[in-house]
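Reading through the structure tokens given below for one structure.
Just so it is clear, the structure is predicted and the values come from calculations on it, not from any experiment. Start at 1 and go down the list; that is how both ligands and their atoms are numbered. Only this structure's heavy atoms are used, side chains among them; waters, hydrogens and symmetry mates stay out.
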Amino acid sequence: MSQVHVSNHPLLRHKVTLMRDFKTEPKKFRELIREVAILLAYEATADLALNEINVVTPLSNAKGSDLKEVIGLVPVLRAGLGMVEGFWEMMPSAEVWHIGLYRDHKTLEPIQYYNRLPVAPSVDVCLILDPMLATGGSASATTQILKDWGAKRIKYVGIIAAPEGIKRLQNDHPDVDIYLAAIDDHLNEQAYIVPGLGDAGDRQFGTG
Ligand code: PRP
Ligand code: URA
């Protein structure tokens, strides 16, 4: 079974609280999602492999490290877009591969509308970026797309999850570890996370 990591870091808790507040405007919301992404990037990459390298300091030689694996950031459109910048600041050589999905309002099933992955996988580890894990349908579908592409190692990085979404992703993909800032109470009748933060896409882009 996969592991679920929920960070208790005070900065994350403070910033997620501001994201939840309905009075937070899109400009501030975008700033917060970028900052939260930086903190989650730190948590989600703690086990990345390293190469040992030598470096010359102004005084001497030193042993050092550089990242061994090619990282692929996979933001799920639209809401995952806001997390890219924060991750990219921490790992500027990461490749970014977008997946476009939206939830059908009636069936709640994810509908794919964008995927330009190349024929063969070009990365060693994929980090799926999507702030909201609600029913888990979108996360599960994105993971399946990446597995069909040939991705070997996949992690999911979200901000707020419902217990239902975690259960679905763990059942469908027990090999995918999950990194979060918070686990909320439940889903409402429209499958929105409660208390949650509303529609993460709308709140970033000023729509809805
Ligand atoms: C949101 C969110 C996830 C999905 C989660 O996207 O960003 O992708 O819902 O719900 P699920 O776990 O029930 O699948 P949405 O479909 O609202 O599209 P948007 O980001 O374009 O607004
Ligand atoms: N998508 C969102 O943006 N918010 C939710 O609460 C659920 C799905």
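Taking distance alone, with nitrogen or oxygen atoms compared against 3.5 Å, Pro131 stays at or beyond that limit from ligand 1. In terms of polar-atom proximity, Arg103 is counted as a contact of ligand 1, with an N or O under 3.5 Å from an N or O of the ligand. An N or O contact shorter than 3.5 Å is missing between Tyr102 and ligand 1 by distance. Inclusion of Ala134 in the set of residues having an N or O under 3.5 Å from an N or O of ligand 1 is warranted.
With sequence neighbours left out, the salt bridge (charged side-chain N to carboxylate O under 4.0 Å, His left out) criterion links Arg153 to Asp47, Glu69.
Salt-bridge formation is not detected for the pair Glu85/Arg30: no Lys NZ or Arg NE/NH1/NH2 atom is positioned less than 4.0 Å from an Asp or Glu carboxylate oxygen.
There is no protein heavy atom closer than 4.0 angstrom to atom 6 (O) of ligand 1. Within a 4.0 Å radius of atom 2 (C) of ligand 1, the protein contributes one or more non-hydrogen atoms.
A side-chain donor-acceptor contact under 3.5 Å links Asp177 to the backbone of Gln3. A donor-acceptor distance shorter than 3.5 angstrom exists from the side chain of Gln170 to the backbone of Ser2, with no hydrogens or angles considered. Using a distance-only test at 3.5 Å, with no hydrogens or angles considered, a donor-acceptor pair links the side chain of Thr45 to the main chain of Ala41. Listed for the Lys155 side chain is a donor-acceptor partner under 3.5 Å among the backbone atoms of Ala44. The closest donor-acceptor contact from the side chain of Gln204 to the backbone of Ala200 lies under 3.5 Å.
Close contacts between ligand 1 and Ala79 involve ligand atoms 7 (O), 20 (O) [criterion: under 4.0 Å to a heavy atom]. Less than 4.0 angstrom separates some heavy atom of Gly137 from each of these atoms of ligand 1: 12 (O), 14 (O). Which parts of ligand 1 touch Met132 is read off a 4.0 Å heavy-atom cut-off, strictly below it: atoms 3 (C), 5 (C).
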Pairs under 3.5 Å, N/O atoms on ligand 2 and on the protein: can you put them in a table with the distances?
residue  : atom  : partner : partner atom : Å
ligand 2 : 3 (O) : Ala200  : N            : 2.8
ligand 2 : 4 (N) : Gly198  : O            : 2.8
ligand 2 : 6 (O) : Ile193  : N            : 2.8

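No side-chain donor-acceptor contact under 3.5 Å links Thr135 and Arg103.
When non-hydrogen atoms are compared, ligand 1 lies under 4.0 Å from neither the backbone nor the side chain of Asp202.
Environment of NE2 in His186: crowded, with over 12 heavy atoms of neighbouring residues, nucleotides or ligands closer than 6.0 Å.
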Which donor-acceptor pairs under 3.5 Å do the side chains of residues 59-67 make with protein atoms, sequence neighbours left out?
residue : atom : partner : partner atom : Å
Asp66   : OD1  : Asn51   : ND2          : 3.4

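Nearest-heavy-atom check against atom 11 (P) of ligand 1 across Thr135, Leu169, Leu81, Leu187 picks out Thr135. Comparing Leu133, Val76, Asp130, Ile111 by heavy-atom distance to atom 8 (O) of ligand 1, the nearest is Asp130.
Residue, atom and distance of the protein heavy atom nearest to atom 4 (C) of ligand 1 are Ser138 OG, 3.5 Å. The protein heavy atom nearest to atom 17 (O) of ligand 1 is Asp199 OD2, 3.9 Å. Atom 21 (O) of ligand 1 has Arg78 NE, 3.0 Å as its closest protein atom, hydrogens excluded (heavy atom only). The protein atom (non-hydrogen) at minimum distance from atom 18 (O) of ligand 1 is Leu101 O, 4.1 Å.
Atom NE2 of His9 sits about 7.5 Å away from atom CD of Glu43, to the nearest 0.5 Å. Separation of atoms CD1 (Ile33) and CZ (Arg203) is listed at 10.0 Å; rounding is to 0.5 Å.
Here Ile183 sits in one hydrophobic cluster together with Val4, Val6, Val70, Val74, Val76, Trp97, Ile99, Leu101, Leu117, Val123, Ile128, Leu133, Ile145, Leu146, Trp149, Ile154, Tyr156, Ile166, Leu169, Val176, Ile178, Leu180; the rule is ILVMFWY side chains under 4.5 Å apart, joined directly or through other members.
Taking the six-membered ring where tryptophan is involved, the planes of Tyr113 and Tyr102 are tilted, since the angle between them lies from 30° to 60°.
No heavy atom of Pro110 sits closer than 4.0 Å to any atom of ligand 1.
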